[in-house]
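For reference, the structure is listed below as structure tokens.
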Amino acid sequence: MANIKSAKKRILTSQVRAERNKAARSEVKTYMKNVFAAVEAGDKEAATKALTVATAAIEKAANKGIFHKNNAAHKVSRLTKAVNTLNK
């Protein structure tokens with residue numbers, strides 16, 4: 001354990017940030033799962049709504065620095081591609 005007061009504070013703030021980031025990543029995974037479930041069920045309307053929610057969550061996480069912008073773009077692209085398969 002750290003002896004210096006500022007080091008102790010850094011440890012605590014790092015833990016808080018890690019928990020917050022973990023929660024945001026988990027939320028994004030859940031929204032992505034909802035999109036893929038709607039696509040599997042063949043429900044285009046539900047998939048489109050879920051895509052909108054998931055995209056917003058991914059972009060928000062990317063803006064906060066939880067995901068790299070290219071990683072976020074990859075996730076959004078993957079979801080959009082899955083939803084677009086229902087058009088055919």
Side-chain angles (χ1 to χ4, degrees):
M1 183 70 190
N3 292 324
I4 299 170
K5 187 175 182 180
S6 62
K8 290 178 184 178
K9 182 179 177 184
R10 292 302 302 165
I11 291 169
L12 292 176
T13 56
S14 293
Q15 288 173 343
V16 169
R17 290 176 64 157
E19 287 295 320
R20 192 176 299 139
N21 292 346
K22 186 176 181 182
R25 282 194 302 268
S26 176
E27 184 180 49
V28 166
K29 285 181 190 177
T30 302
Y31 290 140
M32 289 178 69
K33 200 181 300 182
N34 292 344
V35 173
F36 288 126
V39 169
E40 284 291 319
D43 189 353
K44 184 175 186 213
E45 187 176 324
T48 306
K49 286 181 183 178
L51 175 65
T52 305
V53 172
T55 302
I58 292 168
E59 292 299 327
K60 187 174 178 182
N63 288 337
K64 289 182 178 181
I66 296 168
F67 292 123
H68 189 275
K69 64 177 185 166
N70 290 350
N71 188 329
H74 177 248
K75 289 180 188 302
V76 171
S77 175
R78 188 170 154 220
L79 292 174
T80 305
K81 192 174 178 183
V83 172
N84 285 342
T85 60
L86 294 176
N87 289 339
K88 296 178 182 177

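Keep in mind that this is a model prediction, so the values were computed, not measured.
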Check your understanding: Say you draw a straight line from OG1 of T85 to NZ of K44; how long is it, rounded to the nearest 0.5 Å?
Key -> 10.0 Å

Check your understanding: With side chains defined as the heavy atoms from C-beta onward, is the minimum distance between V53 and K49 less than 4.5 Å?
Key -> no

Study note, to complete from the structure: In short, A61 meets V28 closest at the heavy-atom pair CB-CG2, 4.4 Å

Check your understanding: Looking at side-chain heavy atoms only, is the closest gap between N70 and H74 below 4.5 Å?
Key -> no

**Study point:** Distance-minimising heavy-atom pair for I11 and A2
**Key:** CD1-CB, 4.0 Å

Study note, to complete from the structure: Heavy-atom closest pair (A54 atom, M32 atom, distance to 0.1 Å) is CB-N, 4.5 Å

Check your understanding: Counting distance only, does the side-chain N/O of S14 pair as donor-acceptor with the main-chain N or O of R10 below 3.5 Å?
Key -> yes

Check your understanding: Side chains of Y31 and T55: closer than 4.5 Å at any heavy-atom pair?
Key -> no

Exercise for review: Answer yes or no: does atom CG of L12 have more than 12 heavy-atom neighbours from other residues, nucleotides or ligands under 6.0 Å?
Suggested key: yes

Point to revise | I58 side chain reached by L79 side chain, heavy atoms, under 4.5 Å | key: yes

Review point. Can you tell me how far the CD atom of E59 sits from the CZ atom of F67, to the nearest 0.5 Å?
Key: 11.0 Å

Review point. How many angstroms lie between OG1 in T48 and CG in N84, if you round to the nearest 0.5 Å?
Key: 8.5 Å

Review point. Under 3.5 Å, is there a donor-acceptor pair between the side chain of T80 and the main chain of V76?
Key: yes

Review point. How far apart are the closest heavy atoms of A72 and A62, and which atoms are they?
Key: CB-CB, 3.6 Å

Practice item. To the nearest 0.5 Å, tell me how far E40 CD sits from L86 CG. Key: 9.5 Å

**Study point:** From K5 atom NZ to K8 atom NZ, the distance as rounded to the nearest 0.5 Å
**Key:** 9.5 Å

